[in-house]
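Single-structure report; data block below.
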Amino acid sequence: MRWSHYFIPTLKESPAEAEILSHKLLLRAGLVRKLTGGLYTFLPLGLRTLRKIEVIIREEMNRAGAVEVLMPALQPPEIWQQSGRYETARDVLYKARDRANKEWVLSPTAEEVITTLAAGEIASYRQLPVNFYQISVKFRDEIRPRFGLMRAKEFIMKDAYSFDASDEAAMASYRRMYDAYTRIFNRCGLKNFPVEADTGVIGGSHSHEFMVPAETGENDVVYCEACGYAANIEKATSGIPATAAREAGPAPEKFATPGVVTIEALSKAPYSVPANRQVKTLIYIADSQPLIILVRGDDQLNETKLMARTGAVQARPATPEEIFALLGAHPGSLGAVVNVPAHVKVLADERLRGANDMTTGANEDGFHLKGVSLGRDIKVTTWFDLRTVTAGEPCAKCAKPLKIRRAIEVGHVFKLGTKYSEKLNACFLDADGKSKPCVMGCYGIGVTRTLQAVIEQCNDKDGIIWPLAVAPFQVCITPLAVAKDSAVMQLAEKIYAELTAAGVEVILDDRDERPGVKFKDADLVGFPLRIGIGEKSLAKGEVELKPRGGALTLVKAEEAVAKVREFLAGKA
RNA sequence: CGGGACGUAGCUCAGCCUGGUAGAGCACUUGGUUUGGGACCAAGACGUCGCAGGUUCAAAUCCUGUCGUCCCGACCA
């Protein structure tokens, strides 16, 4: 490819819309352009990299035994109603109407379609296992698209769906995908690691997310360097000890706390009740039902855990008005000891189990209760792990201190079970002649997000440093004179022709630009290897080889092609 | 949906407070000089100042509304 015939609109300055580095580089290196918020056009260079990632994904999915299909992006709402997600996924579903005013949904994912396909096509255990995948555009009505391709309204996803005859077989399918994902992200040149994850609205029993460590990521990951435990903070647990038992009085004692409505205020004089001896009382509305939630004063409720434990589809903090109507007091004076309506469930965090001599609100503005014992004074409906892990807590497996870091989620694997196959009737006849629902798994990779994650991880002050496997071009030839009859250009053309013939992906910067412009552009775009050809070195019969981010070496002109192939072979 | 910031040339921004001829740098066009890390000189082209109302003799500037973008939070398959 000749640069002058291509389209690489590089920018010296970052557009104001970009905040994080990878987003700025996407725009500056001429990989994408924004159409509007959350919607991007891939330019030639960005598309080449995208295609390379797709090829890696296809190779590994095929190797893992999955078969490629392509499903419609426009889908009938009926199947979404059948699975129940027309309601539960309502907020992210884009909807459209046709001329007959019939409604359609734009696919955010394809469990419904693939399960409908399986329902029609799979009749016997002899057809199992099978794993379908596709690489296609997905649509999600994100509340807040951000960071370029990281969270967009429309993006490219690889989604796969496995169908198995038994739970054990489904776990084997899950494991195959898990291993394939590790290979895929490694091949993309990404530092990555799997973490235990919550299954969310998609449902299922077992789940891992593949994370790329990055400060700009949207996920917090809890991990243990000693034993390798790693989990999304939404799911993570620790070995933190329960609340210490104390000498407890015979009954709770009410005391006046005028104006005190925070844990912190109560921890100060004249009350001086440490946060770890307080019970924090939170009121949530989960699927229209009020819930009382108790966590220790120094803990934070983990809303994802709350949703997971209760199976709620939607949950939100109650408003002060709702709270007053329920308990007769305002936030800051709430407790679960007295005035708790019989129909309201009390969910308490495990860390409070057996705790006594605690202080909590009296459900009367301006008053608290001390000497409260959980179990004796508070009727807990159910105990759950509901708290959010913090850094430094002992690992549940090995007791070493846990750490927390930010990361980008690039892949997610779920064991789904029979949730969709039952609802959409994807059943098969087993060897014993009985009809059983397929045991499913689903597996996603954010392809466009992965592209940006590579940039986020592979860069320096001058621009992108593409891993060879996903670089838009492997080699950039930079002749410093472009007149057709110049020795420099003639050699550049010769090397270009030889490399091209050898199957190397090479771009020839044949623009009549000053050297500085060409060097800056090559660095910004991030080609793994640049061949510099100038009059100075050519006078000695030499050309320059400059790996991006590495040191420049001089080689004999006639050896250049061989050296380049050596370089590429060593990196492949 | 709450909080905040910003919409002026293709891009980055100034001008707005204190109303009075629409600006700079980069990019672009032409000519010349340059030519090993984003050149220089000269000439040029490019704008309904996001949009709609209002105030005023006069609005980029003040007021109201609206749309859009970005950030934080909420939310998030």
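- Spacing of P atoms, B/rG37 relative to B/rU30, comes out at 26 Å, to the nearest Å.
- With a cut-off of 3.5 Å on both Watson-Crick or G-U wobble distances, the partner of B/rU18 is given as none.
- The nearest pair of heavy atoms linking A/Asp198 to A/Glu234 is CB-OE1, 4.2 Å.
- Using atom C1' as the reference point in both B/rG38 and B/rG44, the two lie 23 Å apart (nearest Å).
- The base of B/rG37 sits with one of its N or O atoms less than 3.5 Å from a complementary donor or acceptor on the side chain of A/Asp523.
- Nucleotides B/rA74 and B/rG68 are separated by 24 Å at their P atoms, to the nearest Å.
- Considering only side-chain atoms of A/Phe147, the nucleotide from B/rC75, B/rG38, B/rC71 that sits closest is B/rC71.
- At whole-Å resolution of the value, CG in A/Leu39 and C1' in B/rU69 are 13 Å apart.
- Counting all heavy atoms, side chain and backbone alike, A/Asp164 lies closest to A/Ser173 at OD2-OG, 2.6 Å.
- Note on A/Gly534: a base of the nucleic acid sits closer than 4.0 angstrom, heavy atoms only.
- A/Ile143 places its CD1 atom 16 Å from the P atom of B/rG3, with the value rounded to the nearest Å.
- As rounded to the nearest Å, B/rA43 and B/rU48 have C1' atoms that lie 28 Å from one another.
- Rounded to whole angstrom, the span from the CD1 atom of A/Ile531 across to the C1' atom of B/rG36 amounts to 17 Å.
- Annotation: of the two residues near RNA chain B, A/Asp91 and A/Leu538, the 5′-most nearest-nucleotide partner is A/Leu538.
- Comparing B/rA27, B/rG36, B/rC76 against the side chain of A/Arg151 picks out B/rC76 as the nearest.
- Among B/rC76, B/rC72, B/rU12, the nucleotide with an atom closest to any side-chain atom of A/Met307 is B/rC76.
- With B/rG36, B/rG38, B/rC75 as the candidates, the nucleotide lying closest to the side chain of A/Asp521 is B/rG38.
- Here, B/rA58 and B/rG50 have their C1' atoms 22 Å apart, quoted to the whole Å.
- Residue-level contact check: A/Arg28 touches the bases, meaning some heavy atom is under 4.0 Å from a base atom.
- Counting distance only, with no hydrogens placed and no angle test, the side-chain atoms of A/Arg530 and the base atoms of B/rG36 include no donor-acceptor pair under 3.5 Å.
- A 3.5 Å limit on both hydrogen-bonding distances identifies B/rG73 as the Watson-Crick or G-U partner of B/rC1.
- Checked against B/rA27, B/rA74, B/rU35, the side chain of A/Lys12 finds its nearest nucleotide in B/rA27.
- For A/Glu142, the side-chain atoms get nearest to B/rC76 when compared with the rest of B/rC76, B/rA39, B/rU69.
- Remark: side-chain polar atoms of A/Ser421 are not paired, donor with acceptor, to backbone N or O of A/Val439 under 3.5 angstrom.
- Going from the P atom of B/rC26 to that of B/rC40 covers 7 Å, rounded to whole Å.
- Distance CG (A/Leu35) to P (B/rU69): 10 Å, rounded to an integer number of Å.
- Across all strands shown, B/rG37 remains unpaired; no Watson-Crick or G-U wobble contact has both distances below 3.5 Å.
- In this structure, the side chain of A/Thr115 does not engage the main chain of A/Glu112 through any donor-acceptor pair within 3.5 Å.
- Judged by the 6.0 Å and 45° rule, A/Lys158 forms no cation-pi pair with A/Tyr181.
- Between A/Asn232 atom CG and B/rC76 atom C1' the separation is 12 Å, expressed in whole Å.
- Judged by distance alone, the side chain of A/Tyr40 and the main-chain N or O of A/Ala152 form no donor-acceptor pair under 3.5 Å.
- The separation between A/Lys415 atom NZ and B/rA77 atom C1' is 18 Å, rounded to whole Å.
- Relative ring orientation between A/His206 and A/Tyr174 is described as perpendicular, the plane-to-plane angle rising above 60° on a 0-90° scale split at 30° and 60°.
- The distance between atom NE2 of A/His206 and atom C1' of B/rA77, rounded to the nearest whole Å, is 18 Å.
- The side chain of A/Ala16 lies closest to B/rC13 when the candidates are B/rC13, B/rA77, B/rC76.
- For B/rU64, the paired base is B/rA52 (Watson-Crick or G-U wobble, both distances below 3.5 Å).
- In the set B/rU69, B/rG38, B/rG37, the nucleotide with an atom closest to the side chain of A/Val517 is B/rG38.
- In plain terms, the two heavy atoms of A/Ser14 and A/Arg28 that are nearest each other are OG-CD, 3.3 Å.
- Within the 4.0 Å cut-off from OP1 or OP2 of B/rU12, not a single side-chain nitrogen or oxygen of A/Ser14 is found.
- Using a 4.0 Å heavy-atom criterion, one finds that A/Glu13 contacts the bases of the nucleic acid, with or without backbone contacts as well.
- Distance CZ (A/Phe155) to P (B/rA77): 12 Å, rounded to an integer number of Å.
- Pairing for B/rA42 is with B/rU30, a Watson-Crick or G-U wobble pair whose two hydrogen-bonding atom distances lie under 3.5 Å.
- B/rG47 and B/rC13 have their C1' atoms separated by 15 Å, given to the nearest Å.
- Of the two residues contacting RNA chain B, namely A/Lys518 and A/Glu218, the nearest-nucleotide position lying further toward the 5' end is that of A/Lys518.
- Pair assignment for B/rG25: B/rC11, on the basis of Watson-Crick or G-U wobble contacts that are both within less than 3.5 Å.
- Counting non-hydrogen atoms under 4.0 angstrom, A/Glu409 reaches nothing in the nucleic acid.
- Ring-plane geometry between A/Phe193 and A/Tyr223 is classed as tilted, the angle between the planes lying from 30 to 60 degrees on a 0 to 90 degree scale.
- Checking B/rG38, B/rA77, B/rC11 against the side-chain heavy atoms of A/Pro108 singles out B/rA77 as nearest.
- Phosphate proximity of B/rC72 to A/Arg144: present, with a side-chain N or O under 4.0 Å from OP1 or OP2.
- Checking B/rC76, B/rG73, B/rU35 against every side-chain atom of A/Arg146, the shortest atom distance belongs to B/rG73.
- Distance check on atom C1': B/rU8 versus B/rA60 gives 7 Å, rounded to whole Å.
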